[in-house]
A.B. asks: 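First, the structure itself, so that you have it in front of you.
Keep in mind the model is a prediction, meaning the values are calculated, not measured.
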Amino acid sequence: MSRADTLERATCEECGDTFTRTPGESWKRLCLPCWKASPAARKSAPDRLAQLTAELAEARAERDRLRLRVLALELDAQRAKPEGIPPDMLRRLVRLCHPDRHGSSKAANEATAWLLEQREVSR
């Protein structure tokens, strides 16, 4: 059974037009345009406006808190991520300290091995 099957037709007490309401809404005696023009609608409108304004302010505050949390998480992720050596600089350093250029010295071997490890870390 669809929502349209459960609606009933009612006649507006002000203008005589028909409108729909659910079976449990016998208190609805006016169509929407007549209700909006009624003193009851004008009386409840400022309260509803104040309520919606408060809800909007709360939603904006929550949005701002979430934005700050996301920014903090992104900053933490950036701080935790090792910077590493940029690939072009790493290639240059390996060429400069390569053992072939330094008579296969122990220092050149250790430096080159360390630089190659850094290449693996930055991937």
A.B. asks: For R65, what residues pass the salt bridge (charged side-chain N to carboxylate O under 4.0 Å, His left out) criterion, not counting sequence neighbours?
C.D. replies: E62
A.B. asks: Anything under 3.5 Å between a donor and an acceptor, one on a side chain of residues 93-106, the other on a protein residue two or more places apart or in another chain? List them.
C.D. replies:
{"residue": "H98", "atom": "ND1", "partner": "D100", "partner atom": "N", "Å": "3.1"}
{"residue": "R101", "atom": "NE", "partner": "R95", "partner atom": "O", "Å": "3.0"}
{"residue": "H102", "atom": "NE2", "partner": "L96", "partner atom": "O", "Å": "2.8"}
{"residue": "S105", "atom": "OG", "partner": "A108", "partner atom": "N", "Å": "3.1"}

A.B. asks: What residue pairs, at least two apart or across chains, pass salt bridge (Lys or Arg N to Asp or Glu O under 4.0 Å) with a residue in residues 12-30?
C.D. replies: E8-R21, E13-R29, E25-K28
A.B. asks: Would you say that more than 12 heavy atoms from the other residues, nucleotides or ligands in this model lie under 6.0 Å from the CZ of R60, or not?
C.D. replies: no
A.B. asks: E58: what forms a salt bridge (charged side-chain N to carboxylate O under 4.0 Å, His left out) with it, not counting sequence neighbours?
C.D. replies: none
A.B. asks: Any chain of hydrophobic side-chain contacts (each under 4.5 Å) joining L116 to W114?
C.D. replies: yes
A.B. asks: I'd like to check the side-chain contact (heavy atoms from CB on, under 4.5 Å) partners of L71; sequence neighbours left out, ordered by chain and number.
C.D. replies: E74
A.B. asks: Under 4.5 Å between side-chain heavy atoms, hopping through other hydrophobics if needed: is there a path connecting L7 to F19?
C.D. replies: no
A.B. asks: Run the numbers on D64 and L68 for side-chain contact (heavy atoms from CB on, under 4.5 Å), then give the verdict.
C.D. replies: CA-CA 6 Å; D64 292 342; L68 287 174; 5.6 Å; no
A.B. asks: Please identify each residue that fulfils side-chain contact (heavy atoms from CB on, under 4.5 Å) with R69, with sequence neighbours left out.
C.D. replies: L73
A.B. asks: Among all residues two or more places apart in sequence or in another chain, which pass the side-chain contact (heavy atoms from CB on, under 4.5 Å) test with D88?
C.D. replies: P86, R91
A.B. asks: Go through the structure and list residues passing side-chain contact (heavy atoms from CB on, under 4.5 Å) with T18, not counting sequence neighbours.
C.D. replies: R9, T11
A.B. asks: What distance separates L90 CG from I85 CD1, expressed to the nearest 0.5 Å?
C.D. replies: 5.5 Å
